[in-house]
Amino acid sequence: MSSLQAEKPNLKLLYLRLTDSAPLIIARELGLFERYGMNVELQRETSWATLRDKLIGGAADAAAMLAPMPLTLKQTLPHCEEELLSGLILSCNGNGITLSRSLHDQLQPATSDAIGTALKQFIFRRTEGDTPLTFASVYPFASHTLQLRHWLSHAGINPDSDVRLLVLPPEQMVDHLRRGDIDGFCVGEPWNTLAVQEGIGIIATPSNTLMPAMPEKVLAVTRSWHDTNPATHLALRAALLEACGWLSDRDHRRDAIGILARADYLDLPEDTVAASLNDQLLHPEGPVQNTGWHLFAHPQSDHGRPTEKKARELLALCNEIAPVDTNTAQLFCADLYQQTLDYLRHQQVATPRQARTV
Amino acid sequence: MTTTSVPAPVSILLVDDQTERAAMVADQLSAAGYNLLAKLSSAEGLLFQVEKHRPDIVLIDIESPDRDILESLSVINQHNPTPVAMFSARGGSEFITSAVEAGVSAYMAEGLSAERVAPAIEIAMAQFRSYQHLRQSLQRTQQQLDERKIIERAKGLLMARKNISEQAAHQTLRTLAMNSNSTMRHVAEQIVTHLQAPAQ
């Protein structure tokens with residue numbers, strides 16, 4: 001069906017062991033990449049910096065990347081002459097803030113809403129000699145850091161002076177919590193769920209109730225790659241936007257769980273992957289409905305459209321962590337997103353019988 | 001303008017979970033004249049180790065999940081910035097070349113040799129230095145401002161408490177500094193500590 005002539009049919013895409021890597025995995029498993037003329041290999045990475053540098057170095061073609069990462073490249077690699085851009089926000093939300101079971105037990109909050117207040121009182125009761133409470137996020141310029149800081153500030157806790165914040169890779173969070181190196185973290189799913197299932201953590205809040213519809217992962221490519229492979233880029237966005245749309249369906253998500261959990265993808269138990277993908281917030285007493293925990297892009301909604309306004313909002317928040325150059329907002333390319341929508345609609349008109357739901 | 005000093009050997013902290021490779025790299029670094037501060041098998045205690053050793057550069061395997069920790073140190077910790085260089089057992093030479101050209105500190109491939117280690121580290125150091133230079137000049141300006149502030153404050157307190165002129169207060173500070181073989185700043189700090197009114 002595809003009228004696209006991909007300049008580069010064999011591609012390598014990078015992702016991390018997270019529930020919101022689902023669009024890449026699903027697009028591959030449903031054969032959507034093939035349908036748009038591409039043969040895609042997925043490669044799992046363990047660190048955001050490595051994922052980014054492999055992309056910049058040309059060791060991969062595209063990646064599911066933290067939304068603020070393309071916008072803050074100048075701060076993390078001041079001498080990098082390459083740019084990263086995105087024409088598709090893959091997903092919004094998907095993170096959670098988890099406290100260690102022992103810290104939570106000491107707080108004894110009356111309700112889950114009262115955790116922040118209880119934490120503040122706990123911190124201010126401590127004496128000077130006590131080591132400060134330590135919380136981890138996954139990368140300096142990431143929604144995780146922004147959400148954690150927002151949650152602490154909202155409770156009256158100064159994230160710069162009342163606690164210690166550090167960075168840890170997602171898949172090491174639960175181990176560090178178990179060892180007591182950290183008292184809590186903000187991480188993408190399914191790592192919050194896993195901490196609850198192992199009995200060592202309590203989810204204080206999911207990220208969608210903190211800052212609703214915050215862009216989480218984007219499809220990132222380098223500018224030079226985009227310039228050389230514009231049709232391939234379009235095909236890639238089309239396949240992934242279709243996968244994102246497919247994931248909006250509840251029944252489809254249940255099918256996705258088994259695929260994501262496999263050893264060659266997230267390599268985790270199915271019930272660990274299932275909770276957040278089914279919008280279930282695990283508590284020791286049982287699951288609570290949490291609608292919108294993972295909000296994937298959809299051709300009929302605006303969540304996937306990377307606009308300069310969304311970029312500027314992210315940059316303004318990043319600027320509270322460390323000074324950032326805010327002139328990078330145009331790296332969120334709404335025009336490329338629109339091109340994808342137009343292409344998908346044209347396909348539907350041209351080949352109505354093939355424009356089926358997968 | 002041209003301050004000449006003998007440069008100390010570049011000090012390196014090496015992070016690699018592969019013991020054999022780490023040993024090989026360590027040997028080659030020493031042979032190339034670098035000062036190897038420590039070998040770590042992973043980032044356990046990495047933050048503490050960086051604080052303790054204050055390396056000029058941290059060398060880390062590109063596949064290490066701990067790279068984000070190091071990156072957070074160089075991005076966020078303004079007091080202790082650390083350049084990050086990487087080496088990789090995988091990946092062809094093309095990848096490494098393009099990455100270096102793109103400005104990503106330094107990558108080093110398999111078959112490391114002393115001849116290849118040195119230039120890669122030099123590239124990373126040079127990139128870091130220009131960035132560092134900017135930060136330091138900002139820091140110096142801040143320090144000078146702080147110094148002037150504390151001296152002004154001490155003079156103000158002297159003027160109020162001893163009922164003397166600004167010039168006399170300045171002279172007092174200078175004399176105290178000379179007599180105690182100390183700096184104006186130090187004397188000013190002591191005066192502020194002794195004379196400042198209790199908080200009301």
Side-chain angles (χ1 to χ4, degrees), chain A residues 16-17 43-60 66 69 72-84 134 136-142 144-145 159-160 164-173 175-176 179 181 222-225 318 321-324, chain B residues 15 17 42-48 50-51 60-78 81 83-88 90-107 109 123-135 138:
Chain A
L16 256 62
R17 281 174 79 194
Q43 186 172 306
R44 201 168 78 188
E45 298 294 335
T46 50
S47 116
W48 289 113
T50 301
L51 175 136
R52 177 202 60 203
D53 293 348
K54 285 187 175 177
L55 190 60
I56 290 172
L66 296 166
M69 216 170 194
T72 54
L73 188 61
K74 279 273 171 268
Q75 278 66 54
T76 51
L77 295 176
H79 301 274
C80 184
E81 284 162 22
E82 186 60 90
E83 276 186 324
L84 293 169
T134 304
S137 64
V138 300
Y139 189 75
F141 297 117
H144 312 73
T145 313
D160 294 310
R164 207 162 49 145
L165 297 186
L166 51 89
V167 161
L168 288 173
E171 45 188 271
Q172 287 181 16
M173 285 292 183
D175 285 341
H176 277 90
R179 285 210 302 265
D181 299 339
T222 64
R223 183 175 295 283
S224 58
W225 189 91
C318 287
I321 304 172
V324 296
Chain B
V15 185
D17 56 3
S42 87
E44 252 166 81
L46 184 61
L47 298 166
F48 170 73
V50 171
E51 280 286 314
I60 187 164
D61 172 22
I62 190 178
E63 300 294 343
S64 170
D66 307 315
R67 288 199 45 220
D68 288 335
I69 301 172
L70 279 174
E71 188 144 320
S72 74
L73 279 183
S74 55
V75 170
I76 302 299
N77 193 345
Q78 309 277 325
V84 180
M86 292 150 275
F87 58 90
S88 177
R90 278 184 247 161
S93 59
E94 286 165 38
F95 165 45
I96 287 125
T97 312
S98 59
V100 172
E101 277 171 3
V104 185
S105 299
Y107 286 83
I123 292 169
M125 290 300 296
Q127 289 179 345
F128 178 68
R129 260 183 237 116
S130 65
Y131 191 46
Q132 179 76 330
H133 182 71
L134 203 82
R135 270 185 178 163
L138 268 173

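Convention: sequence-line order gives letters A, B, ...; per-chain numbering from 1.
Heavy atoms only, all atoms of each residue included: Pro65(B) and Pro169(A) are closest at O-CG, 3.2 Å. When all heavy atoms of Val167(A) and Ile69(B) are compared, the pair lying nearest together is O-CG1, 3.1 Å.
Annotation: side chain of Ser64(B) is not in contact with side chain of Thr46(A) (no heavy-atom distance under 4.5 Å). No side-chain heavy atom of Ser47(A) sits less than 4.5 Å from a side-chain heavy atom of Asp66(B).
Leu168(A) contributes atom CG, which lies 9.5 Å from atom CG of Asp68(B) (distance to the nearest 0.5 angstrom).
Taking the side chain to side chain donor-acceptor pair (under 3.5 Å) definition, one finds that Glu171(A) meets it with Arg17(A), sequence neighbours left out. Annotation: side chain to side chain contact (heavy atoms under 4.5 Å, CB included) contacts of Thr76(A) (sequence neighbours excluded): Arg52(A), Leu73(A), Tyr139(A), Phe141(A), Glu71(B), Val75(B).
For chain B, the nearby part of Leu166(A) is the side chain; its heavy atoms alone come within less than 4.5 Å.
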